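Beneath this line is the structure, given in structure tokens, with notes to follow.
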2 protein chains.
Amino acid sequence: MAKAKRGSERREEALSRERIVDAAIELLDTEGENGLTFRALATRLATGPGAIYWHIANKSELLVAASDAVVARAMADVAAHATARKTIRSIAVGVFEAIDAHPWVGAQLSRGPWQTATLQIFERIGRQVQALGVPDGAQFTAASALVSYILGVSDQNAANGRLLEPAVDRADFLETESARWKELDAHEYPFTRKVATQLRKHDDRAEFLAGIDLILAGIAASL
Amino acid sequence: MAKAKRGSERREEALSRERIVDAAIELLDTEGENGLTFRALATRLATGPGAIYWHIANKSELLVAASDAVVARAMADVAAHATARKTIRSIAVGVFEAIDAHPWVGAQLSRGPWQTATLQIFERIGRQVQALGVPDGAQFTAASALVSYILGVSDQNAANGRLLEPAVDRADFLETESARWKELDAHEYPFTRKVATQLRKHDDRAEFLAGIDLILAGIAASL
DNA sequence: GGCATGTTGGAACGCTGTTCCAGTCGTGTC
DNA sequence: GACACGACTGGAACAGCGTTCCAACATGCC
């Protein structure tokens, strides 16, 4: 243990699992998914790659730890509301925004499901499903449908952002994409062409919540 | 152009984009996502890595082409049904099963959304949403909620399978996972612990369809 | 002081995607 | 028939990755 002799840490600050995970999150946020390498991480922590492996088994574990941390913070920030319905919407938005701010989390959560981060979300949603009055036998289905939808859309949304360099404007992107849809083959893609116009004034967050409401309506209808 | 002089190809068979994509799909299916490398692909095609790059720009393009091919085949196999509702369920199952059989497709579709494969699914679902009688202004929302749910759950499901070696039985996996849930902290995870038992008799496909029905019920309720 | 233990960081390994390029093949032109 | 040219091939080489290994260091205990 590199315990401090008096008040000063060993050298600047000792290496620790927490410090490594924090640095990894920063690197992922600023440089993107490919920006996280053990060498870059080592440089940022002023050490060598080997030292990191003393605290963390491998890159996969590092990614799990990083996404767990991000989701935990997001869940802690979710406020309770008067109704279960409002709380569910609030949890959903919390996850959506956390993944929007840290797009790599989306990729990570769909890579290995049922890791701690996913369970945290499932638990929070599940309690509210219970509060909605869904009968015991249907709670699992309702909760996992909601969680799957939330993670699916959030990741899809984040993937859009991951493709483009930060410089590209979101409105420009939608404009371009809408134009692409309109140029699709008229016989093969009639529906897509028809709704291409709607894509231009598309608000991801609003659309996401509309989907949540659709599922909530379905749950309410089958009570 | 290595055009055939008479009936026989140049040497065995000429390299072509199609042959490369087919070999890539085989490799991904048999060896998993990490099994696809340009060297392994070159060996299988009895050539060198450089030759492949004449036909395909990079690995990303290869993955897009491979998943497009798989989805296209799955969509071609979907039968039309009497009601829009049944057809939607059928498309959903088709995608679910295609991703279950080729787990790497799930990862690929969530990596870069709005590629041809996703659009194909969106189009097919969209037409049925129209047939359901959803008003013009709400079709986009309904269709994209369904597609997001379908891709989200299918990928989540595939990710479960991707983790384990083929030897592990599905029932064993659920048993282990259920046991893990029951050992969670009682104060932090009351809901998850409560539904842990339901996880044991969990049928992914049935649960998936139940979620579809939930969304369809929501759509019907808001007509 | 000296030893054991926990921790560090740099060198090295095997693998990857990708680039480069010297060579081969089939064909169109004189 | 010779020649040249563009399409195509495949092996060598490069930079970078995750990971392993290990000689060196720091510190707490006897």
Side-chain angles (χ1 to χ4, degrees), chain A residues 1-25 27-28 31-67 104 107-108 111-112 163, chain B residues 1-25 27-28 31-67 104 107-108 111-112 163:
Chain A
M1 273 272 216
K3 219 190 259 177
K5 210 176 174 186
R6 275 277 156 142
S8 74
E9 314 304 87
R10 175 126 94 87
R11 228 173 175 277
E12 299 258 2
E13 248 175 316
L15 222 47
S16 73
R17 190 184 157 95
E18 203 191 0
R19 248 167 62 78
I20 293 172
V21 170
D22 281 347
I25 292 176
L27 218 41
L28 285 163
E31 312 287 332
E33 307 189 79
N34 298 338
L36 178 64
T37 70
F38 275 82
R39 269 170 265 263
L41 196 55
T43 304
R44 185 172 274 244
L45 292 166
T47 180
I52 296 173
Y53 277 88
W54 180 260
H55 300 273
I56 273 163
N58 50 44
K59 188 169 185 176
S60 166
E61 186 185 307
L62 180 57
L63 282 167
V64 169
S67 51
W104 48 272
Q108 177 51 30
R111 199 149 16 238
L163 298 177
Chain B
M1 274 273 213
K3 219 190 261 177
K5 210 175 173 186
R6 274 278 156 144
S8 75
E9 316 303 86
R10 174 125 95 84
R11 223 172 180 280
E12 298 257 0
E13 249 175 316
L15 221 47
S16 73
R17 191 184 158 93
E18 202 192 0
R19 246 167 62 78
I20 292 173
V21 170
D22 282 347
I25 293 177
L27 218 40
L28 285 163
E31 312 286 332
E33 307 190 78
N34 298 337
L36 178 64
T37 69
F38 276 82
R39 268 169 267 263
L41 196 56
T43 303
R44 185 172 273 246
L45 293 165
T47 179
I52 297 173
Y53 277 88
W54 181 261
H55 301 272
I56 273 163
N58 51 43
K59 188 169 184 177
S60 166
E61 186 184 305
L62 181 56
L63 282 167
V64 169
S67 51
W104 49 272
Q108 177 51 30
R111 201 153 8 244
L163 298 177

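Since this is a predicted model, take the numbers as computed values, not measurements. Below, chains carry the letters A, B, ... as their sequence lines are ordered, and counting in each starts from 1. Excluded from the calculations below are hydrogen atoms, water molecules and symmetry mates; all remaining heavy atoms, backbone and side chain alike, are included.
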Interatomic distance, CD1@A:I20 vs CD1@A:I25, rounded to 0.5 Å, equals 12.5 Å
Do A:F38 and A:N58 have side chains that approach each other closer than 4.5 Å (heavy atoms only, starting at C-beta)? no
Describe, as an angle rounded to 10 degrees, how the axis at the first end of the helix from C:dG1-D:dC30 to C:dC30-D:dG1 is tilted relative to the axis at the last end, five pairs per end. 20°
How close or far is atom C1' of D:dC8 from atom CZ of B:R19, stated in whole angstroms? 14 Å
Contact list please: residues 44-56 of chain A against DNA chain D, heavy atoms, distance less than 4.0 Å, in numerical order. A:G50, A:Y53
I want to check something: taking the side chain as every heavy atom from C-beta on, are A:L62 and A:I52 in contact at a cut-off of under 4.5 Å? no
What's the shortest heavy-atom distance between A:R111 and A:E33, and which atoms? NH2-OE1, 4.2 Å
Is there a side-chain contact between A:L36 and A:E31 (heavy atoms, below 4.5 Å)? no
Does A:E18, at its CD atom, have more than 12 non-hydrogen atoms belonging to other residues, nucleotides or ligands within less than 6.0 Å? no
Assign each of B:N34 and B:A57 to its nearest nucleotide of DNA chain C by heavy atoms, then name whichever residue's nucleotide is nearer the 5' end. B:N34
Base of D:dG16, side chain of A:R39 - is there a donor-acceptor contact under 3.5 Å? no
Nearest heavy-atom neighbours spanning B:V21 and B:A66: CG1-CA, 3.9 Å
Whole angstroms only, please: what is the CG-C1' distance between A:L15 and C:dG9? 10 Å
Rounded to whole angstrom units, what separation is found between the CZ atom of A:F38 and the C1' atom of D:dT20? 12 Å
Just how far, in rounded Å, is C1' of C:dT16 from NZ of A:K59? 13 Å
Look at the side chain of A:N58 and decide which nucleotide, out of C:dT8, D:dT19, C:dT16, has an atom nearest to it. D:dT19
Quickly work out the A:L41 CG to C:dG9 P distance and round it to whole Å. 12 Å
Provide, to the nearest angstrom, the distance between the CD1 atom belonging to A:I20 and the C1' atom belonging to C:dT8. 11 Å
CD1/A:I56 to CD/A:E61 distance, rounded to the nearest 0.5 angstrom? 6.0 Å
CH2-CG distance between A:W104 and A:L27, expressed to the nearest 0.5 angstrom: 10.5 Å
